[in-house]
Amino acid sequence: MPSCRALRFERNANTRSGLRLSKAKEIMSDSDSKLIHVESGPPPEEHELQLVVPVATSNSEIPSLDSTPKLSKRNSSERSLPLRSYSKWSPTEQGATLVWRDLCVYTNVGGSGRGMKRIINNSTGAIQPGTLMALMGSSGSGKTTLMSTLAFRQPAGTVVQGDILINGRRIGPFMHRISGYVYQDDLFIGSLTVLEHLNFMAHLRLDRRVSREERRLIINELLERTGLLSAAQTRIGSGDDKKVLSGGERKRLAFAVELLNNPVILFCDEPTTGLDSFSAQQLVATLYELAQKGTTILCTIHQPSSQLFDNFNNVMLLADGRVAFTGSPQHALSFFANHGYYCPEAYNPADFLIGVLATDPGYEQASQRSAQHLCDQFAVSSAAKQRDMLVNLEIHMAQTGNFPYDTEVESFRGVPWYKRFHVVWLRATLTLFRDPTIQWMRFVQKIAMAFIIGACFAGTTVPNQLGVQAVQGAVFIMISENTYHPMYSVLNLFPQGFPLFMRETRSGLYSAAQYYIANILALLPGMIIEPFLFVTICYWLTGLRSTFYAFGITAICVVLVMNVATACGCFFSTAFNSVPLAMAYLVPLDYIFMITSGIFIQISSLPVAFWWTQFLSWMLYANETMTIAQWSGVQNITCFEESADLPCFHTGQDVLDKYSFNEDNVARNLLALVGLFFGFHLLGYYCLWRRARKV
């Protein structure tokens with residue numbers, strides 16, 4: 001039996017390919033006449049889209065095509081929806097009618113901005129409330145680009161020409177509130193549970209007047225509707241955890257998030273990708289039930305099964321950015337059959353339709369001519385004319401209507417900025433607390449290094465000539481230990497969260513400033529506790545100067561050094577797209593800061609070309625301040641032998657003079673460290689803000 005199926009599949013595929021090639025030859029032979037020949041077929045009414053009023057179709061109205069599989073009655077567009085009133089703009093009450101006319105979308109080629117490539121070519125379409133429409137086509141046909149443009153979520157640098165209206169109003173940022181968008185790839189914070197993630201999203205998406213009890217009821221209802229009630233306390237995970245959500249559960253969680261604000265129109269980008277057949281069938285059935293309640297749903301889908309294809313009310317087929325057909329799946333098969341493309345029996349209709357429009361390797365030009373011919377035929381069909389009637393009506397009402405558009409939009413009360421900031425900060429803090437590799441392992445590592453350094457320098461920091469070198473070495477080690485590791489450890493902080501940040505920022509959940517400051521404040525407690533524990537252990541083990549002033553100044557400097565180094569790492573983290581690229585630019589800068597720290601070269605002897613580097617070196621500021629704390633006021637440094645070639649340090653002032661340090665610079669150095677901390681963070685925020693503008 002498997003071999004018979006394989007033979008039949010090969011025969012059907014060969015038949016389809018032969019039909020396509022022969023049809024392409026006919027088109028090429030008639031191309032000189034420049035006339036569109038419409039083949040004889042059934043009356044045009046049988047291909048009309050049921051967009052304005054329900055039209056009941058009977059078996060006698062549809063031609064009997066033995067090679068065309070019969071689809072379920074479920075695919076008909078019959079539904080009893082009330083006519084929309086044009087006296088006010090209220091998608092929540094009347095449903096969302098989305099139309100677009102002569103839509104062209106261009107994108108940059110290579111990101112240079114000089115060359116533009118047209119992705120969508122004069123597309124026109126409409127989708128009404130209660131409709132589940134599938135947007136189909138071969139890879140590269142423009143499905144995702146068209147849907148993201150209709151949802152007002154197109155990438156930065158995209159040029160859009162044409163009209164896009166929802167209930168007669170041009171789309172705008174308000175689409176983020178009244179619509180939902182389920183992306184193909186699911187992005188979550190793996191350390192959160194399902195319930196925590198929904199709680200965070202509910203605080204950001206819902207109206208501020210929604211009470212805590214109402215919010216809890218909404219979340220519980222969504223968990224029950226999406227089948228996630230039993231997994232509410234399960235962590236989402238990143239794939240490495242023992243107990244995480246499955247692919248189907250993650251997709252259902254993404255749907256639950258988008259349904260929080262009860263959108264009137266829902267966009268889904270490849271919702272069945274990565275799911276098994278049973279999970280995919282359940283998901284599409286859920287979408288169908290949601291559409292039956294009045295939600296407008298448009299989703300791209302790739303190679304759906306016959307059973308999945310049967311669930312869609314309408315289908316839009318794209319070929320190289322052009323519309324090849326719009327209507328019910330049954331009418332799509334009839335339209336293709338009337339133009340010479342018959343779907344074989346026991347063949348998946350979705351695969352057949354996509355295959356006809358796809359480009360065959362080795363026959364690119366013939367395949368493209370064949371697909372473009374179908375687009376031309378549909379453009380003059382009665383179904384396209386009826387579609388244009390609805391589109392023109394919506395545009396006419398938009399131009400002549402005299403009713404307020406902003407009543408419903410302005411009635412929404414968004415969450416105040418401080419609550420958004422609190423939610424983002426709480427989520428970042430919870431992530432740091434639960435990820436042992438970010439904070440707890442650093443604590444353990446820092447304490448271990450404090451004991452190792454203290455043990456190495458124990459008994460060497462005595463007030464003699466050898467002790468001078470030991471003290472300066474201990475000071476430099478404490479500075480470098482709290483510079484390099486913290487700086488490089490945060491290089492992956494923002495690149496790792498960039499995709500989720502860009503997606504949520506594009507949806508208007510929070511701003512770049514709220515995101516950046518919240519993440520920095522989440523890091524701040526660790527950036528204070530960690531260096532303080534380190535200096536407390538290391539300072540007394542090394543036997544440095546045992547005065548409260550010296551210890552306090554040293555502790556303040558070490559804490560500031562770690563925070564400035566972290567701020568520098570955050571700046572490079574947001575300035576570059578990847579960690580390797582950030583490290584490539586950061587390493588040379590580290591060498592400059594290390595050379596100008598004052599331990600390797602006298603600052604007064606720096607070349608003129610590098611004189612400015614000392615003002616950016618936090619290692620110099622910290623080294624000078626900590627050295628002053630150790631040697632200021634010291635008068636009795638033991639000197640065993642003194643010669644002209646090897647003079648002795650008799651007092652602490654001699655040590656300070658050796659390194660060109662000045663006791664009056666303590667306050668200046670501490671203020672400089674604080675200034676560098678805020679300066680690097682301002683640069684980091686600026687880079688993040690520029691990245692947010694590009695999404």
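- Going from atom CD1 of I301 over to atom CE of M133 covers 14.0 Å, rounded to the nearest 0.5 Å.
- Within 6.0 Å of the CZ atom in F678, the count of heavy atoms belonging to other residues, nucleotides or ligands does not exceed 12.
- With hydrogens and angles disregarded, a donor-acceptor distance shorter than 3.5 Å links the side chain of N167 to the backbone of G95.
- Within 6.0 Å of CD on E213 lie more than 12 heavy atoms contributed by other residues, nucleotides or ligands.
- The heavy-atom pair separating I479 from V561 by the smallest distance is O-CG1, 3.7 Å.
- Between the side chains of N577 and R691, a donor-acceptor pair is found at a separation under 3.5 Å.
- Here E504 does not pair with R205 in a salt bridge; the nearest charged N to carboxylate O distance is not below 4.0 Å.
- In this structure, the side chains of R252 and Q282 stay at 4.5 Å or more apart for every pair of heavy atoms.
- Put simply, the side chain of F551 reaches to within 4.5 Å of the side chain of T536, judged on heavy atoms.
- Judged by a 6.0 Å distance limit and a 45° cone about the ring axis, R503 is positioned over the six-membered ring of Y183.
- The minimum heavy-atom distance between G454 and T542, with the atom names listed, is CA-CG2, 3.7 Å.
- Taking 4.5 Å as the limit, every side-chain heavy atom of V182 sits out of range of all side-chain heavy atoms of F267.
- A 4.5 Å side-chain heavy-atom check between L283 and L287 finds at least one atom pair inside the cut-off.
- Taking the side chain as every heavy atom from C-beta outward, T483 and W618 approach each other to under 4.5 Å.
- Using cut-offs of 30° and 60° on the angle between ring planes, the pair H422 and W425 is tilted.
- Checked for salt-bridge contact, R209 and E214 miss the test: no charged N lies under 4.0 Å from a carboxylate O.
- Counting non-hydrogen atoms of neighbouring residues, nucleotides and ligands closer than 6.0 angstrom, the NE2 atom of H197 exceeds 12 such neighbours.
- Between T226 and L222, the shortest heavy-atom distance links the atoms OG1-O, 2.6 Å.
- Atom CG of L223 is separated from atom CD1 of I218 by 12.0 Å, given to the nearest 0.5 angstrom.
- Of the possible donor and acceptor atoms, one in the side chain of H176 sits under 3.5 Å from a partner among the backbone N and O of R506.
- Within 6.0 Å of the CH2 atom in W417, the count of heavy atoms belonging to other residues, nucleotides or ligands does not exceed 12.
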Run Y510 and V423 through side chain to side chain contact (heavy atoms under 4.5 Å, CB included) and show every step you take.
CA-CA 10 Å; Y510 48 77; V423 171; over 6 Å; no
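- Between T107 and T145, every side-chain heavy-atom pair lies at or beyond the 4.5 Å cut-off.
- Side-chain contact between F494 and C570 is present, with at least one heavy-atom pair separated by less than 4.5 Å.
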Trace of the side chain to side chain contact (heavy atoms under 4.5 Å, CB included) decision for F576 with L586:
CA-CA 11 Å; F576 300 97; L586 186 57; over 6 Å; no
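- Looking only at distances, a side-chain donor or acceptor of R420 sits under 3.5 Å from a matching main-chain atom of V415.
- The structure places CG of L616 at 8.5 Å from OG1 of T596, a figure rounded to the nearest 0.5 Å.
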Go through L523 and L493 one step at a time and tell me if the side chain to side chain contact (heavy atoms under 4.5 Å, CB included) criterion holds.
CA-CA 11 Å; L523 289 172; L493 177 63; 3.5 Å; yes
Give the table of side-chain donor-acceptor pairs shorter than 3.5 Å for residues 553-560, with sequence neighbours excluded, one pair per line with atom names and distance.
residue: T554; atom: OG1; partner: A550; partner atom: O; Å: 2.7

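- Residues E249 and S246 come closest through the heavy atom pair OE1-N, 3.0 Å.
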Residue pair H681, Y685: steps toward the ring-ring contact (aromatic ring centres under 6.0 Å, His included) verdict:
CA-CA 6 Å; H681 277 312; Y685 163 69; over 10 Å; no
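- Contact check on R434 versus E196 returns a salt bridge, with a Lys/Arg side-chain nitrogen under 4.0 Å from an Asp/Glu carboxylate oxygen.
- The closest donor-acceptor contact from the side chain of E258 to the backbone of Y181 lies under 3.5 Å.
- Distance alone, capped at 3.5 Å, is enough to place a donor-acceptor pair between the S148 side chain and the T144 backbone.
- For W89 (side chain) and I166 (main-chain N/O), a donor-acceptor pair under 3.5 Å exists by modelled atom type.
- Side chains of M619 and F476 form a contact here, defined as non-hydrogen atoms less than 4.5 Å apart.
- T272 contributes no side-chain N or O that, together with a main-chain N or O of A280, makes up a donor-acceptor pair within less than 3.5 Å.
- Going from atom CG of L491 over to atom OG1 of T574 covers 10.5 Å, rounded to the nearest 0.5 Å.
- Geometric assessment of R169 against the ring of F174 yields a positive cation-pi assignment under the 6.0 Å and 45° thresholds.
- Of the possible polar contacts, none joining the T300 side chain to the L135 backbone as a donor-acceptor pair under 3.5 Å is found.
- Judged by distance alone, the side chain of N563 and the main-chain N or O of M527 form a donor-acceptor pair under 3.5 Å.
- In terms of heavy atoms, A134 sits closest to F312 at CB-CD2, 3.5 Å.
- Under the ring pair (Phe, Tyr, Trp, His ring centres under 6.0 Å) rule, F501 has a single partner from W689, Y516, Y515, which is Y515.
- At a threshold of 4.0 Å, the pair E481-K446 counts as salt-bridged, since one of the basic side-chain nitrogens sits closer than that to a carboxylate oxygen.
- A donor-acceptor contact shorter than 3.5 Å links the side chain of S617 to the backbone of F593.
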Let's go through R153 and S179 carefully: what are the C-alpha distance in whole Å and the side-chain angles of both, what is the deciding distance for side-chain hydrogen bond (donor to acceptor under 3.5 Å, both in side chains) to 0.1 Å, and is it a yes or a no?
CA-CA 11 Å; R153 290 172 171 86; S179 68; 3.2 Å; yes
Given side chain to side chain contact (heavy atoms under 4.5 Å, CB included), test F534 with I447 step by step and report yes or no.
CA-CA 6 Å; F534 170 84; I447 293 174; over 6 Å; no
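- More than 12 heavy atoms of other residues, nucleotides or ligands shown are found within 6.0 angstrom of CZ on F498.
- Taking every heavy atom of both residues into account, N623 and S597 meet most closely at ND2-O, 2.8 Å.
- Going from atom CD1 of I219 over to atom CG of L228 covers 12.5 Å, rounded to the nearest 0.5 Å.
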